[in-house]
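Structure, as structure tokens:
Source: prediction; values computed, not measured.
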Amino acid sequence: MLRLAGSGAQASSQRRGRAGLAAAAGALGPGGGATSSRPPPGWARAPAGASLAACGGRCQGRRFGAAAAARLPRVPLLEPGCARPWLLQRSGRELARDVAVRGGLSLEGGSVSQRFVMRWQERPLTVLLVARHEKRQSLRTVQEMGAWIAARGMTVVLEPKLLEEWPVVTGSIHGLRTFSDKEALLNSIDLVVTIGGDGTLTWAASLFEGPMPPVLSFAAGSLGFLTPFPLEKWKQTLSWIFEAVAPDGAPVPLVCRMRLRVRVRRGPNGHDDREAEQDLSRAEFSCLNEMLVHRGRSNMLAKLDVRVDGERVTLVQGDGIILATPTGSTAYSLACGGSMVHPAVPGMLLTPVAPHSLSFRPALLPDSAEVIVIVPLSARAGVNMSLDGKDICGLQVGDSVLVTTSSHPVPAICRETDSKDWFASVNQALQWNRRIEQKS
């Protein structure tokens, strides 16, 4: 029996979130520098965002850096726990009633790669805009979209890093908010809007390590496999989304894209659990595309013991191994010979990377599988672990990685249906089965 559960911010999470916000606000004075006088309540300078790639993954924690805070205009911090409820229903099924979800979505007790439709129970109030701050052409779009949303009585939230790079947006969006702690986003965002490519969606998903609210992705990148909505029609698209309010609003289709839950375990020759958490900021991660264990810069073969549901299934000898979600099946896994998997299929793809074998083929596992990748004691060297293309940590001999399906999928809004969007992507972006038709 599948159980749907809203994020329902716990009191302890709210306390931690408020404590983090208070600490950030208390360290900054009205002029921006450290001072004994406190700024007005709820105000702080937007801190600089931390890049996962720049720090080898160790800064993928909850706290953002504040080194560049003095250069930023003052922006109010987001009040935690203000998300409006939205209604969820299985696509193609008649239910006695919709299931109300507040904030992010958790699916427990069943497959998380599922088709749903959604409507707002109440009009959404808070929208998080995520865009690539390196792209100057996105600046005008963020300004126009943010001002348009704010003019309709909603609160726009921007990342601290974006505000650092584009401080000019603070004067063009009324009621703008930011955040200094990822926990402040918990149960506080009604809708996430991404402007960019597939990497922008992946980054937005990393901001919500737990339950995530619905996400709407506009194509402004190079490939756009996961971004079905054209950017030039953003006003029509947002109007369609905001008008989907029960009971009269038309339901919006969405697909819950599965994520992986990854936990690092240190072995007898590595660190203990306490050292692992200290080195990695935390020993547990989530990813949208894939988990990769690879040989890194070593010139030796990676040697990995793979176990599924407690049973040893194979010994990998090659460049590495990929565990991909259906969403990630069209990314690195596809380049390594893995199959394409529809995003609504509940499964996990095991794909070898350059195996030193003629018979090692990819395998599709059920989403209930518990996979352990171990660096055996007989291995000649350690390996590296990457998530969604970002190096996270090194694994020494005796270390292992536990991979399971996360109960917190990414509820991605579809342009038409999940199947139409997916086949349009594989046909247009990957040129799937493009061939001159044989003449009669």
Would a 4.5 Å heavy-atom cut-off, applied to side chains only, mark [X] and [Y] as touching?
X    : Y    : value
L128 : V130 : yes
V401 : V262 : yes
F179 : P160 : yes
E370 : T404 : yes
M258 : V345 : no
L430 : M340 : yes

I'd like to know if the side chain of [X] and the backbone of [Y] have a donor-acceptor N/O pair within less than 3.5 Å.
X    : Y    : answer
K182 : S206 : yes
S386 : G389 : no
D421 : R415 : yes
T178 : L158 : yes
R177 : T126 : no
D198 : L226 : yes
W432 : F423 : no
T200 : T194 : no
S357 : S359 : yes
T170 : P167 : yes

**Request:** Return the set of residues passing salt bridge (charged side-chain N to carboxylate O under 4.0 Å, His left out) with R312 (not counting sequence neighbours), or none when no residue passes.
**Result:**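 For R312, the residues satisfying salt bridge (charged side-chain N to carboxylate O under 4.0 Å, His left out) (neighbours in sequence not counted) are D305.
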At what distance, to the nearest 0.5 angstrom, does [atom1] of [X] lie from [atom2] of [Y]?
X    : Y    : atom1 : atom2 : answer
I195 : L216 : CD1   : CG    : 9.5 Å
I322 : M348 : CD1   : CE    : 14.0 Å
T155 : L78  : OG1   : CG    : 8.0 Å
W120 : D190 : CH2   : CG    : 5.5 Å
T237 : M145 : OG1   : CE    : 8.5 Å
L288 : E290 : CG    : CD    : 9.0 Å

Quick check: closest heavy atoms across [X] and [Y], and the distance to 0.1 Å?
X    : Y    : answer
A204 : M212 : O-CE, 3.9 Å
L129 : V142 : CD1-O, 4.2 Å
V75  : L163 : CG2-CD1, 4.0 Å
L77  : S180 : CD2-N, 4.0 Å

For [X], give me all partners under side chain to side chain donor-acceptor pair (under 3.5 Å), at least two apart in sequence or on another chain.
X    : answer
N384 : none
S333 : T351
R132 : none
T327 : R257

Please determine whether the number of non-hydrogen atoms from other residues, nucleotides or ligands lying under 6.0 Å from atom [atom1] of [X] exceeds 12.
X    : atom1 : answer
F225 : CZ    : yes
E311 : CD    : no
R434 : CZ    : yes

**Request:** Return each pair, listed once, that meets ring pair (Phe, Tyr, Trp, His ring centres under 6.0 Å) where at least one residue sits in residues 374-396; pairs must be two or more places apart or across chains.
**Result:**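 Of all non-adjacent pairs touching residues 374-396, none passes ring pair (Phe, Tyr, Trp, His ring centres under 6.0 Å).
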**Request:** Output, in order, the C-alpha distance, side-chain angles, deciding distance and verdict of side chain to side chain contact (heavy atoms under 4.5 Å, CB included) for L315 and K303.
**Result:** CA-CA 7 Å; L315 182 68; K303 189 174 183 181; 3.8 Å; yes
**Message:** For L191 and I413: C-alpha separation, side-chain torsions, deciding distance, then whether side chain to side chain contact (heavy atoms under 4.5 Å, CB included) applies.
**Reply:** CA-CA 10 Å; L191 177 68; I413 296 175; 4.0 Å; yes
